[in-house]
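Here is the structure we will look at.
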Amino acid sequence: MHELVLTRPDDWHTHLRDGAALATTVPHTARQFARAIVMPNLAPPVTTLEQADAYRERICAHIPRGCAFTPLMTLYLTDATTPETLIGAAASGRIAAVKLYPAGATTHSSAGVTSMDRIQPALAAMEEMDLPLLVHGEVTDGTVDIFDREKVFIERCLEPLAVRFPALRVVFEHITTADAVEFVRAAPHTIAATITPQHLLLNRNDLLTGGIHPHHYCLPVLKREHHRRALMEAAASGHPRFFLGTDSAPHEQGRKESACGCAGIYSAHAALPLYAEAFEAAGALDKLEGFCALHGAAFYRLPVNTERVRLVREPWTVPDSYPLGDGKVVPLRAGAALNWRLGHEH
Ligand code: DOR
Ligand code: ZN
């Protein structure tokens, strides 16, 4: 197979950041994807409809000419988010979903939710308004080992949530374990998951052997090979509740290559080639389109895109870095070859 023509896909989870970074992130994302769910973890976070509207404008100013790209905006849930805010956001039609970060779980999550009990009225409003909840699924309990935080989150938070709010649509974001795959498979059709390219392509050896590799550090952290295989099997199975979400999360080079490096892997420069490589290695290129372009749209109840993209099997070398504001970002596979490249649109 030398060429693949796919329905233009969507990225159901990305971090575009703000300010000068948008000049890099928005063109990378918009060239591949028709739509993207834009994470609200700016500093300060996007907690109101007005802030999301202003952020959308700043993003749209960087969409390259000739690219039809729609950012799908999200709100950041806090302990203080009121049902009225959520009802207004849903009624506007301009907010696609709401993101739950457990406080302290990851980058810019200090304003996140401190306990599930505090957000019960907010979740009830979202269920009522049919506004999807996007979840960073890791507990922050310091006594729980970092490699177990996703599994424990399922038991402590997601299972009770699914029982309490049976009609609430939930996306379990960037899943990293066989436990999460099992949970989603057994869950009702209201619960889906996104999977990143790094969790399909890498395991924790890629982070920790032959030296520490800060550009492979993200949260949830890479897990053992057994989990990577389970994720790849889920993605390659064609199951409609697993779909593409890159979690592309740029940090300036110095903030990654540091005594306390930030979590986040930048993959927006080559998201589709990276997924194509993972699916090819799994012998599942025939399942790539569903995962990239069909399952997410169905779950979000949005139309399937009508344009197409072309992937050509032709090696190219990823740059060592891209500009990011005043600095640089080191992308996934920096300086190395990728087998697939994006061709011209049909
Ligand atoms: O690795 C990560 N980076 N995980 C997250 O959950 C957040 C993200 C970021 O914003 O940098
Ligand atoms: Zn993320």
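Remember, it's 1-based here, ligands and their atoms both numbered in the order they're listed.
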Worksheet item: Say you draw a straight line from CD of E173 to CG of L100; how long is it, rounded to the nearest 0.5 Å?
Response: 11.0 Å
Practice prompt. Dump the intermediate steps for ring-ring contact (aromatic ring centres under 6.0 Å, His included) on H199 and H227, then the final yes or no.
Written response: CA-CA 9 Å; H199 292 103; H227 295 295; over 10 Å; no
Worksheet item: Under 4.5 Å between any side-chain heavy atoms of L4 and W340, yes or no?
Response: yes
Discussion item. Do F243 and T194 have side chains that approach each other closer than 4.5 Å (heavy atoms only, starting at C-beta)?
Written reply: yes
Worksheet item: Numbering the atoms of ligand 1 from 1, which are under 4.0 Å from a heavy atom of C218?
Response: 1 (O)
Worksheet item: So, is T106 polar-close to ligand 1, with some N/O to N/O distance under 3.5 Å?
Response: yes
Worksheet, complete the sentence: Quick note on ligand 1: atoms under 4.0 Å from a heavy atom of G264 include exactly 1 (O), 2 (C), 3 (N)
Worksheet item: How about H13: does one of its N, O or S atoms come closer than 2.8 Å to the Zn ion (ligand 2)?
Response: yes
Discussion item. Heavy-atom contact check, 4.0 Å cutoff: does H251 meet ligand 1?
Written reply: yes
Fill in: N41, portion touching ligand 1 at heavy-atom distance under 4.0 Å
side chain
Discussion item. Measuring from atom CG of L75 to atom CG of L49, what distance do you get when rounded to the nearest 0.5 angstrom?
Written reply: 7.0 Å
Worksheet item: Within a strict 4.5 Å, meaning less than it, do heavy atoms of the Y266 and V330 side chains meet?
Response: no
Item to complete: Please say whether Y101 places an N or O atom under 3.5 Å from an N or O atom belonging to ligand 1.
Response: no
Worksheet item: Taking distance alone, with no angle check, do A249 and ligand 1 share an N/O pair under 3.5 Å?
Response: no
Practice prompt. Starting from atom 3 (N) of ligand 1, find the nearest protein heavy-atom neighbour and note its residue, name and distance.
Written response: A263 O, 3.0 Å
Worksheet item: Mind checking whether L219 has an N or O less than 3.5 Å away from an N or O of ligand 1?
Response: yes
Fill in: Flag side-chain contact, heavy atom, 4.5 Å: P273 against Q32
yes
Worksheet entry | Residue portion contacting ligand 1 (non-hydrogen atoms closer than 4.0 Å) for R17 | side chain
Worksheet item: If you measure every N/O of P220 against every N/O of ligand 1, is any gap under 3.5 Å?
Response: no
Worksheet item: Which class fits the ring pair H136 and H174: parallel under 30°, tilted 30 to 60°, perpendicular over 60°?
Response: perpendicular
Worksheet item: Is the Zn ion (ligand 2) under 2.8 Å from any N, O or S atom of D247?
Response: yes
Discussion item. Checking Y76 against H108 for the ring-ring contact (aromatic ring centres under 6.0 Å, His included) test, could you report, in this order, the C-alpha distance in whole Å, the side-chain angles of both residues, the deciding distance, and whether it holds?
Written reply: CA-CA 11 Å; Y76 184 116; H108 296 154; 9.1 Å; no
Worksheet item: Which bit of H136 is near ligand 1, meaning a heavy atom under 4.0 Å away: side chain, backbone, both or neither?
Response: side chain
Item to complete: Quick one: pull up CD in E277 and CG in L201 and give me the separation to the nearest 0.5 Å.
Response: 6.0 Å
Worksheet item: Quick check: does H174 have an N/O/S atom under 2.8 Å of the Zn ion (ligand 2)?
Response: no
